[in-house]
**Q** 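Pasting a structure below so you can have a look.
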Amino acid sequence: MKGLGGEECGITGWALGTGGRILAWWEEERYPEGIKWKFLEHKGPVFAPPYEPLPENVKFYYDGKVMKLSTKAEEVATFFAKMLDHEYTTKEIFRKNFFKDWRKEMTSEEKSTITSLSKCDFTHMSQYFKAQSEARKQMSKEEKQKIKEENERLLKEYGYCVMDNHKERIANFKIEPPGLFRGRGNHPKMGMLKRRIMPEDIIINCSKDSKIPAPPPGHKWKEVRHDNKVTWLVSWTENIQGSIKYIMLNPSSRIKGEKDWQKYETARRLKKCVDKIRNQYREDWKSKEMKVRQRAVALYFIDKLALRAGNEKEEGETADTVGCCSLRVEHIKLHPELDGQEYVVEFDFLGKDSIRYYNKVPVEKRVFKNLQLFMENKQPEDDLFDRLNTSILNKHLQDLMEGLTAKVFRTYNASITLQQQLKELTNPDDNIPAKILSYNRANRAVAILCNHQRAPPKTFEKSMMNLQSKIDAKKEQLADARRELKSAKADAKVRRDEKSKKTVESKKKAVQRIEEQLMKLEVQATDREENKQIALGTSKLNYLDPRISVAWCKKWGIPIEKIYNKTQREKFAWAIDMAEEDYEF
DNA sequence: AATTGTACTTAGGATTATTCAG
DNA sequence: CTGAATAATCCTAAGTACAATT
């Protein structure tokens, strides 16, 4: 193991600074471009537990008759049985894909008997699994403790690696278990069998001079390589899309954190030239070249609406979703006038994860006229920007600023919006809960911009009612406390002794306390209502320069724990350490 | 210039752990 | 102490980006 300039502490492997203090990664020297590490040692992946056949008394029925399945066919059947309550299993594509793949696992006898999925009865198997999970919940404390300890042992042994001078947490050291593919939205491959990954599928990446992880007994790795130009430790190819999956490090690691930091620095560089770029694309709306006009309008959408770039996708391989460059004519409607506004564009399309993007946006007249032009003589299913793709766009952006790509606009606009909103919404006289509400509102403005949605929690209505009744109860309690205070005051006026004065004081305090509690509840209710369909986590984790939040906390004396939970604090340790209250994005 | 392959970030839902009210 | 609500964590799919290849 080699140090990066500091001395090296023999036991922990941490780099030491000049004062002998342990250096955090963000205080160390960086590697030259391209090299990701010099030393990498790990224990390899943890494989999915082997299949455990069902007990004899758990039956599968075909066409009303008990049927004993071969182990392989049974395993795949259990995948379906475990999903029986899920909407997936009612979908035609899911059922068709599942059945096709299941049949591949059957013996020839099974194949000739089982010819229709609708004649399969998995309910007994399903009940068995429900009972199992119920039993797991009912386990004694000791049993639960034992499982917890086993997990911790696994984490301790396989959950960490040594990369250069640091012991780092691995994000996903467990190999994905076999199961049925759950694509999102209207995915053509939903229900297909995700096969079991074996050591023979696995490529190990580590350094030559490290202790190479041993494959499970009787097995060997597909390959062991020593590539320090990449950050992954383990990879394999999955069978649904044929794409490569990786085991990589936790967000708290140097290699992820440094990249994250760099991402925000790139966005800050965009801040310095964004005005120029905006003027440029506005000019380009008038260009003689169609290509340039399309590029300029697309960039305007990416900037103004925080749309994703929109790479091309292979048709029929994935759900039909789009981003900016892949928008089709059918995804927008042009309204010369709508609700008293001129030149309104109505967007309606499915984006990443098949989340719907719906928005009515007034745009400049030039943009509107250009869109009309782009749509001329086209069918609904034709590309809106037929002379443009993400590669062309990104090449252009690279010319405008080094390191600039389409997604930098999302990062930039998200972070700058948070900073502005915090400035605007924070009221210095507010107490801490009210300030946190303001923070959440600023966060929410970003989530809305980025269209980060969630399904409203199943229990939303109920929990809202619960909260309301809590508020009502608190209001009554407050009224009572006020009455008591009043009578205590009257009492003190008559008696004029120390004891009754003290009573008044304590009653006053009680009223104050209850007022605060009430206010906290009301704030909570507002916050929750406004958050019904909006997911704050994604922007907080991926788009908002954490130094903005850290600075805000320092400025207003808000404990950082109120904004970031433990995991988030680990991920953003660099920002928490670095940012002062005057930090500006 | 289109196509393919690789490596990485971003994403919402599912599952598990913790907290809170009764 | 117990069960429901809530928060945290886990999981892995689905994007972006860019290099290599045809």
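Each chain gets a letter, A, B and so on, in the order the sequences are listed, and its residues count up from 1. Given the structure is predicted, the values throughout are model-derived calculations rather than measurements.
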**Q** Measure the distance from CD on Glu87(A) to C1' on dG12(B) and round it to the nearest whole Å.
**A** 16 Å

**Q** Measuring centre to centre across the rings, with the benzene-like ring taken for any Trp, is Tyr158(A) within less than 6.0 Å of Phe173(A)?
**A**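 No, the ring centres sit 6.0 Å or more apart.
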
**Q** Between atom OH in Tyr543(A) and atom P in dT10(B), what is the gap in whole Å?
**A** 6 Å

**Q** Among dC10(C), dA11(B), dT9(B), find the nucleotide with the atom closest to the side chain of Arg410(A).
**A**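 Selected nucleotide (nearest to the side chain): dA11(B).
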
**Q** In terms of the nearest nucleotide of DNA chain C, which residue is placed more toward the 5' end: Ala406(A) or Gln568(A)?
**A** Gln568(A)

**Q** Nearest-nucleotide wise, let me know which of Lys229(A) and Arg182(A) is further upstream toward the 5' end of DNA chain B.
**A** Lys229(A)

**Q** With sugar-phosphate meaning primed atoms plus P, OP1 and OP2, does Lys194(A) contact a base, only sugar-phosphate, or nothing at under 4.0 Å between heavy atoms?
**A** sugar-phosphate

**Q** Hey, does Ala455(A) reach any base, or is it just sugar-phosphate, or nothing, if we go heavy atoms under 4.0 Å?
**A**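 Sugar-phosphate, no base atom in range.
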
**Q** Look at the side-chain N and O atoms of Lys313(A) and state whether any lies under 4.0 Å from the OP1 or OP2 oxygen of dG15(C).
**A**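 Checking dG15(C) against Lys313(A), a side-chain N or O does come within under 4.0 Å of OP1 or OP2.
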
**Q** Tyr31(A) versus Asp164(A): any side-chain heavy-atom pair under 4.5 Å?
**A**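 Of all side-chain heavy-atom pairs linking Asp164(A) with Tyr31(A), at least one is under 4.5 Å.
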
**Q** The side chain of Gln398(A) is closest to which nucleotide in this list: dA8(C), dC18(C), dA13(C)?
**A** dC18(C)

**Q** With respect to the side chain of Trp232(A), which nucleotide from dA13(C), dC8(B), dT10(B) is positioned closest?
**A**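 The closest nucleotide is dC8(B).
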
**Q** Side chain of Thr538(A): nearest nucleotide among dA8(C), dC8(B), dG12(B)?
**A**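 Selected nucleotide (nearest to the side chain): dG12(B).
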
**Q** Checking all strands, does Thr321(A) fall into the base, sugar-phosphate, or nothing category for heavy-atom contacts under 4.0 angstrom?
**A**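 Since only primed, P, OP1 and OP2 atoms lie under 4.0 Å of Thr321(A), the category is sugar-phosphate.
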
**Q** Can you tell me the distance, in whole Å, between the CG atom of Asp260(A) and the C1' atom of dT16(C)?
**A** 15 Å

**Q** With heavy atoms under 4.0 Å as the rule, sort Arg184(A) into base, sugar-phosphate or nothing.
**A** base

**Q** How are the rings of Phe181(A) and His187(A) set relative to one another: parallel (under 30°), tilted (30 to 60°) or perpendicular (over 60°)?
**A**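 The arrangement is perpendicular - the two ring planes meet at more than 60°.
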
**Q** Under 4.0 Å, heavy atoms only, any strand: does Gly351(A) hit a base, just the sugar-phosphate, or nothing?
**A** sugar-phosphate

**Q** For the pair Arg225(A) and Glu223(A), find out whether any cationic side-chain nitrogen is under 4.0 Å from an anionic carboxylate oxygen.
**A** yes

**Q** Quick one: is dA11(B) close enough that its OP1 or OP2 comes under 4.0 Å of any side-chain N or O from His452(A)?
**A**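 Result: yes.
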
**Q** Students often get this wrong, so: under 4.0 angstrom with heavy atoms, is Pro251(A) touching a base, only sugar-phosphate, or nothing?
**A**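 If one applies the 4.0 Å heavy-atom cut-off, Pro251(A) turns out to touch nothing in the nucleic acid.
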
**Q** Rounded to whole Å, please give me the gap between CZ in Arg225(A) and C1' in dT6(B).
**A** 10 Å

**Q** Does dT16(C) have OP1 or OP2 sitting under 4.0 Å from an N or O in the side chain of Asn311(A)?
**A** yes

**Q** Is the shortest side-chain heavy-atom distance between Glu265(A) and Arg269(A) below 4.5 Å?
**A**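 No, every pair of side-chain atoms sits at 4.5 Å or beyond.
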
